Protein chains: 2
Amino acid sequence: MAAPRANMSYRDIKQVVLDRIHNKIWAPDSLLPSEIDLAAEFSSTRTTVNRALRELAEEGYLERKRKAGTRVLNAPVRKAQFAIPLIRDEISETGADYRYALVERAAMPAPGWLSARMNIAQGCEVLYLRCMHYAGNAPFQYETRWIVPDSIPEVLEADFSCSGPNDWLVQKVPFTNLELSFLATKADQPVAEFLDTQVGEPIFTTERITWLRSKPVTLAKLFFAPGYRMTTHL
Amino acid sequence: MAAPRANMSYRDIKQVVLDRIHNKIWAPDSLLPSEIDLAAEFSSTRTTVNRALRELAEEGYLERKRKAGTRVLNAPVRKAQFAIPLIRDEISETGADYRYALVERAAMPAPGWLSARMNIAQGCEVLYLRCMHYAGNAPFQYETRWIVPDSIPEVLEADFSCSGPNDWLVQKVPFTNLELSFLATKADQPVAEFLDTQVGEPIFTTERITWLRSKPVTLAKLFFAPGYRMTTHL
DNA sequence: AAGGATCTTATGTCTATATATAAAGCCATT
DNA sequence: AATGGCTTTATATATAGACATAAGATCCTT
């Protein structure tokens, strides 16, 4: 059996608990001993045990409720965590050079779908941008973006010809809320042209909407070059 | 200015720190005061400040190094977190009934791409499954899966006609490692048929490989019905 | 200057203890 | 039975203090 030696760090305790879950010593849905009992078993303190269990709960292995105790989740809700890198970094890591180009910049009244989606006034002025991101000479990502100047007036003065709107926004507007979607879309004419592929090709796409304290700031649709895959380990 | 009153919880401290970052009181790349100084300012203790800063670092706002101190990340590496739900739950939540069907089950020698991808012996026997998941009457997900019996012999006895391999595996083999990819694929003949769409349609696809202590267990390709989008908020 | 050895310091972690709080369980009342 | 209040208990969080450790800073030697 797991040997509870003294001087166990919270990491050690996490490992032991995880092992016991894996080995069904603590079966799914079953209740763990209380922190006090575990602290005694591991000759540790409640504080340390608490940290171990708290982190395991955050990682989706356990469920904790006051008074009710700590129980093993039967369907471990594994949480995949993606770091959302700046595109520049993502490309640099592959060894390729990052290059940015502004394709179009226009102010226009918000189209109907946009005002509905972002919950802004019908016909409200928005800034519309189209950009390209290259890895070396290869197209990497085609970006369409709408920015709401109501929420951030300086944007009308911003120069997006040398660096992308994401860079500018990250600097200027530390968002408070983000909705992020992944989906597969079919390349339309401009997407196909810019990503150097055929109309109709499947394109991995992400959509982001960000808010600054309940004011919608921007919606971006990012179309990745064919073959792109987003990968994470856990 | 932020009023450092007494009795601040670690949550309060997190909020104050976050506000100061947003308001550029602590600019990107700048160094925060030490935990001791902050504890003094907030009339709190180092332990509490530590927890606040540690969590903000985990959330990608700060970078902490021993001796070097705590600094504000200029490009906040926001981390998107996806809970990976069991498909049954995902469907139930929409209000629809979940239905599962086994399409094919076969033992076969591992094809070349699979042994390469999963790092298993050439021609090693694997179990190949194809399954469908329905939300009500609508096709929701088409699944192809390979399981390595070497890593988990009982799988050859398992009955996958009533419940999916994922359910069985989650019960039987609590995986220790997972590689998860998202990509867009083009529907081939079987995918199109089962998902009731046209060949060539873009399909949001996830691939999962799981290991049990460095032994590869299973590879699954999950093809979602057209229109599916995976969304998260943060 | 360049390279090491040493000092210093900010974070990392553990211990021991105390108070706060949510919620389950119990009991008495209606 | 259902309701409402009380008790109990497990977790949540705060405090104070200690030692551990990584790594920047400094000084010393060559």
Side-chain angles (χ1 to χ4, degrees), chain A residues 2-18 20-21 25-73 76-77, chain B residues 2-18 20-21 25-73 76-77:
Chain A
R5 46 178 237 282
N7 293 329
M8 294 180 79
S9 75
Y10 79 97
R11 284 168 200 279
D12 298 330
I13 294 178
K14 277 179 77 169
Q15 196 50 61
V16 171
V17 172
L18 214 48
R20 290 190 186 174
I21 293 173
I25 293 172
W26 290 327
D29 268 332
S30 67
L31 220 53
L32 265 62
S34 78
E35 293 182 345
I36 293 178
D37 293 349
L38 287 174
E41 184 193 345
F42 298 133
S43 18
S44 176
T45 59
R46 205 169 81 76
T47 314
T48 302
V49 171
N50 178 278
R51 178 158 181 195
L53 298 186
R54 174 160 39 88
E55 292 195 359
L56 285 172
E58 258 163 34
E59 289 163 29
Y61 294 100
L62 301 174
E63 186 189 38
R64 321 195 71 203
K65 276 214 306 242
R66 273 169 167 143
K67 162 73 185 175
T70 302
R71 71 175 60 241
V72 181
L73 284 177
V77 183
Chain B
R5 48 180 235 284
N7 293 331
M8 294 181 77
S9 74
Y10 80 97
R11 284 167 201 280
D12 299 331
I13 295 178
K14 277 179 77 170
Q15 196 50 61
V16 171
V17 172
L18 215 48
R20 290 189 187 175
I21 293 173
I25 294 171
W26 290 327
D29 268 333
S30 67
L31 220 51
L32 265 63
S34 78
E35 294 183 345
I36 292 178
D37 294 349
L38 288 173
E41 183 192 346
F42 298 134
S43 18
S44 175
T45 59
R46 202 169 80 80
T47 315
T48 302
V49 172
N50 178 277
R51 177 158 181 194
L53 297 187
R54 175 159 38 87
E55 291 195 359
L56 286 172
E58 258 163 36
E59 289 163 29
Y61 293 100
L62 301 173
E63 186 189 39
R64 321 195 70 203
K65 278 214 305 241
R66 275 170 166 140
K67 163 72 185 177
T70 302
R71 70 176 60 243
V72 181
L73 283 178
V77 182

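Just so you know, these numbers use all the heavy atoms, side chains as well, and skip hydrogens, waters and symmetry mates. Not measured: the values here are computed from a predicted model. Quick note on labels: first sequence line is chain A, next is B, and so on, each numbered from 1.
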At 4.0 Å (heavy atoms only), tell me whether B/Thr47 reaches a base, stays on the sugar-phosphate, or touches nothing. base
Which nucleotide in the set D/dA12, C/dG12, C/dC14 lies at the smallest distance from any side-chain heavy atom of A/Arg64? D/dA12
Under 4.0 angstrom between B/Asn50 side-chain N/O and C/dG12 OP1 or OP2: yes
Dot-bracket for DNA chain D, 5' to 3', Watson-Crick and G-U pairs with both distances under 3.5 Å, [ ] for crossing pairs, | for partner on another strand, reads ||||||||||||||||||||||||||||||
When all nucleic acid strands are considered with a 4.0 Å heavy-atom cut-off, which category describes A/Arg71: base, sugar-phosphate, or nothing? nothing
For DNA chain D, whose closest nucleotide is more 5', that of A/Thr70 or that of B/Ser44? A/Thr70
Side-chain atoms of A/Lys67 come closest, of D/dT9, D/dT13, C/dT13, to D/dT9
Between D/dT11, C/dT13, C/dT11, which nucleotide has the shortest distance from any of its atoms to the side chain of B/Ser34? C/dT11
Distance, rounded to the nearest Å, where B/Lys65 contributes NZ and C/dT8 contributes P: 22 Å
Do the side chain of A/Arg66 and the base of C/dT21 come within less than 3.5 angstrom through a donor-acceptor pair of N or O atoms? yes
Can you work out whether A/Ala68 or A/Thr45 has the more 5'-proximal nearest nucleotide on DNA chain C? A/Thr45
Under 4.0 angstrom between A/Tyr10 side-chain N/O and C/dC14 OP1 or OP2: no
Out of the candidates B/Arg11, B/Lys14, B/Arg64, only one should pair with B/Glu55 under the salt bridge (charged side-chain N to carboxylate O under 4.0 Å, His left out) rule; please name it. B/Lys14
Please determine if a side-chain N or O atom of A/Arg51 lies less than 4.0 Å away from the OP1 or OP2 oxygen of C/dT13. yes
What's A/Arg46 touching, base or sugar-phosphate or nothing? Going by heavy atoms closer than 4.0 Å. base
